[in-house]
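One structure is given here, and the rest of the page talks about it.
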Amino acid sequence: MKISQLTIINILTFLVFSNTAFFFMYPIYLTALAVSKTAVGLIMGMYSVASLVARPLAGKCIDRFGEKPILLSGLCLIFVCSILYHVIPGTVGGIYVLRVFHGIGFSAFIAGAFSTIAKFTPQEIRGRAFSYNGATMLAALGFVPLAGESLMDALGHPAIFHGGAAVTFLGFSLLLFTKKWEKIAARGAPKVRYTQLLKDRSFFFILVAMILFVDAQATVLNYFPLYAKTIGIRGGLFLSLALGLAVSIRLFGGGLLDRYSKLTIIRACFVLFGMGIVLFYKLDSVFFYVLSILLYGSGLGYIFPALNAIGAEQGTFEQKAGMMSILTMAIDGGFILGSIFSGGLSDMIGLSNTFVFAGAVSLFGVFVTSLAPIREDT
C-alpha cells in the first residue's frame, strides 16, 4: 500500500470519527426537546445496531465493487444523514430510520478502511499502520467533543449537525478527487463465505479477544463521566490525559508491533489495561489517579491496533475483506455489550464495582490470547 493512500485513509478515519464525536452531543439536543431517557437510549443505540447488522453486506460489496466505491458510498450516506437531522427532529418516528442509515454509512466506511489497510499494507509495517489509524480514531473521539460542545454553546444545538456534515463533506471530496486508486477499487474476488471464516479457530479467538477489550472500553466511555461526577473528579480531564497517552503511544510507539511479538504485547497490555480500570475505585488518591492513567492509557495504546494487525494476518488475500468485516462487527458487538450489559450491571452492583468487573473482563483476555491457538506471522 502506498504511503499516500495510507495517509488518505488516516485523514478520512479522523474525519469520520469526528462526525461520530460531534454526535456524542446529540443526547443533549434530544433532552432539550423533552425526549425521554429511554427514547434517547434507543435513538443512540439504533446507530450501533445498524452498523453491526450491515457489516457483512459491506464485506460482500467490497469484494464485488472494491474499497473505494464503498468508502465513497459510506461517506456520502453519512453526509446526507448529518444534513437531514435538521429536517427530522428527534421527536418523530422517522429519527430511527435516519439513525439506521447513519449507522449503515459508518459501517460501509469502516469496512472499506480496514479492508484497505489489511490488503495493501506490507506485513512488515502492518502493526504501525493500524497503530496510526487507531491514533486518528482516539484523537477524534478524545478532542472533537470539546469543539462540538463549544460550537453548541456558541451557535445552538444544530451546530453539531453542521460540524458533522462539514467534516464528512471534506472527507468525501478528498477521496472523490484522489486518483490512482484502481488497484484497490477494481478487485474481482470470490464470494465471501462468513461461516467458513468463522471456522478458522485462530481468527475466532481473535474476535473473542477483541470483544473482551471493546466491552471493557465501552464501559469506560459510557459510564466513567457519570462515575467521575459522583466521586467529585473531572472525568473529561482524566479521559483526555489517558487518551492523550494512548494516542502518543500509537503515533510514536507503533513500530514495536512490527519488531516484537504482537501476542506478547497484547497479553502484557491486557494486564495494564485491566488493572488501570480496576483502580478507578481509588481515584480519590493522587497516586492511584496517576497510576490508573498510566496503566489504562498504556494498555489502550497497543491492544486495539495489535489485535487488528493480527486479524489482518489471518486467511488469504481474497478473504481479507470478509475477515475485516467480521472483526469490525466484533468491535460493534463489544461496544453494544459494554453499553447495555454494563448499564444493567451498574444498577445492581454500583458503578465502582462495575469497573472492577470490566477490569476482570479485560484480564480474561490474557488467558484467551495465551491459551487459544492464535496464529501470528513473525
Side-chain angles (χ1 to χ4, degrees), residues 17 48 51-52 55 110 114 117-118 127 130-131 133-138 141-142 202-224 239 242-243 245-247 249-250 253-254 256-257 261-280 292-314 323-342 345 354-372 374 376:
F17 274 81
S48 297
S51 179
L52 173 69
R55 201 62 54 82
I110 290 299
F114 273 54
I117 299 172
F130 276 109
S131 189
N133 189 254
T136 66
M137 298 177 189
L138 284 184
L141 296 178
S202 175
F203 183 64
F204 176 81
F205 283 105
I206 291 171
L207 298 178
V208 173
M210 181 65 84
I211 290 173
L212 293 173
F213 164 71
V214 178
D215 171 63
Q217 174 65 353
T219 301
V220 175
L221 292 178
N222 280 285
Y223 300 106
F224 182 78
L239 289 177
L243 292 178
L245 174 60
V247 170
I249 287 172
R250 292 183 184 184
L256 292 178
L257 298 178
S261 167
K262 299 178 189 67
L263 277 173
T264 300
I265 293 174
I266 288 170
R267 292 165 192 152
C269 287
F270 261 127
V271 174
L272 299 177
F273 182 71
M275 291 306 299
I277 296 174
V278 168
L279 288 178
F280 283 3
S292 180
I293 288 175
L294 294 175
L295 294 177
Y296 168 68
S298 298
L300 179 62
Y302 279 120
I303 297 175
F304 184 71
L307 283 174
N308 285 327
I310 291 183
E313 294 173 359
Q314 311 302 305
M323 283 187 156
M324 297 314 288
S325 292
I326 297 177
L327 186 60
T328 52
M329 281 182 68
I331 296 170
D332 286 335
F335 195 89
I336 294 170
L337 180 65
S339 303
I340 298 174
F341 177 77
S342 296
L345 187 64
T354 298
F355 288 121
V356 172
F357 180 83
V361 167
S362 177
L363 292 173
F364 186 64
V366 179
F367 294 97
V368 171
T369 53
S370 298
L371 302 178
I374 298 176
E376 178 182 10

### Task
Kindly compute the distance separating CG (L245) from CG (L294), expressed to the nearest 0.5 Å.
6.5 Å
### Task
With rounding to the nearest 0.5 Å, note down the distance linking CZ in F114 to OG in S325.
10.5 Å
### Message
As a quick check of understanding, evaluate side-chain contact (heavy atoms from CB on, under 4.5 Å) for F17 and I110, giving each step before the final call.
### Response
CA-CA 10 Å; F17 274 81; I110 290 299; 3.5 Å; yes
### Summary
Heavy atoms of F130 and A312 approach each other most closely as CE1-CB, 3.8 Å
## Note on the structure
In this structure, NZ of K262 is separated from CG of L257 (nearest 0.5 Å) by 7.0 Å
### Query
Is the shortest heavy-atom distance from the side chain of F203 to the side chain of I374 under 4.5 Å?
no
#### Entry: R250 and F304, any side-chain heavy atoms less than 4.5 Å apart
yes
### Query
With respect to C269, which candidate in I249, T264, I303, L300 satisfies the side-chain contact (heavy atoms from CB on, under 4.5 Å) definition?
I303
### Query
Would you call Y302 and L256 a side-chain contact if the rule is heavy atoms closer than 4.5 Å?
yes
### Query
Going through the checks in order, is the side-chain contact (heavy atoms from CB on, under 4.5 Å) test met by L363 and F273?
CA-CA 8 Å; L363 292 173; F273 182 71; over 6 Å; no
#### Entry: Donor-acceptor contact present, side-chain T219 to main-chain D215, <3.5 Å
yes
### Query
Taking the side chain as C-beta and beyond, is there a heavy-atom pair between T136 and V247 under 4.5 Å?
no
#### Entry: Q217 side chain near Y296 side chain, heavy-atom distance below 4.5 Å
yes
## Note on the structure
Distance col, row L141:CG vs L239:CG, nearest 0.5 angstrom, shows 11.0 Å
## Note on the structure
Applying ring pair (Phe, Tyr, Trp, His ring centres under 6.0 Å) to F357 and not counting sequence neighbours gives F341
### Query
Do you know which two heavy atoms are closest between I331 and N308, and how far apart they sit?
CD1-OD1, 4.4 Å
### Message
Can you confirm whether I266 sits close enough to I310 that some side-chain heavy atom of one is under 4.5 Å from a side-chain heavy atom of the other?
### Response
yes
### Query
Which heavy atom in T369 sits nearest to a heavy atom in R267, and how many Å separate them?
O-NH2, 2.9 Å
#### Entry: Nearest heavy-atom neighbours spanning F270 and A209
CZ-O, 3.6 Å
### Task
Just jot down the side chain to side chain donor-acceptor pair (under 3.5 Å) partners of R55, sequence neighbours excluded, or say none.
S51, S107, T328, D332
### Message
Less than 4.5 Å apart, side chain to side chain, heavy atoms only: is that true for I326 and M323?
### Response
no
### Message
Tell me the closest heavy-atom pair linking I277 and G359, and the distance in Å.
### Response
CG2-N, 3.9 Å
### Query
Under 3.5 Å, side chain of S131 to main-chain N/O of G127, donor-acceptor pair present?
no
### Task
Identify the heavy atoms of G276 and S292 that sit nearest to each other, and give their distance.
O-OG, 2.7 Å
### Query
Looking at side-chain heavy atoms only, is the closest gap between L279 and L295 below 4.5 Å?
yes
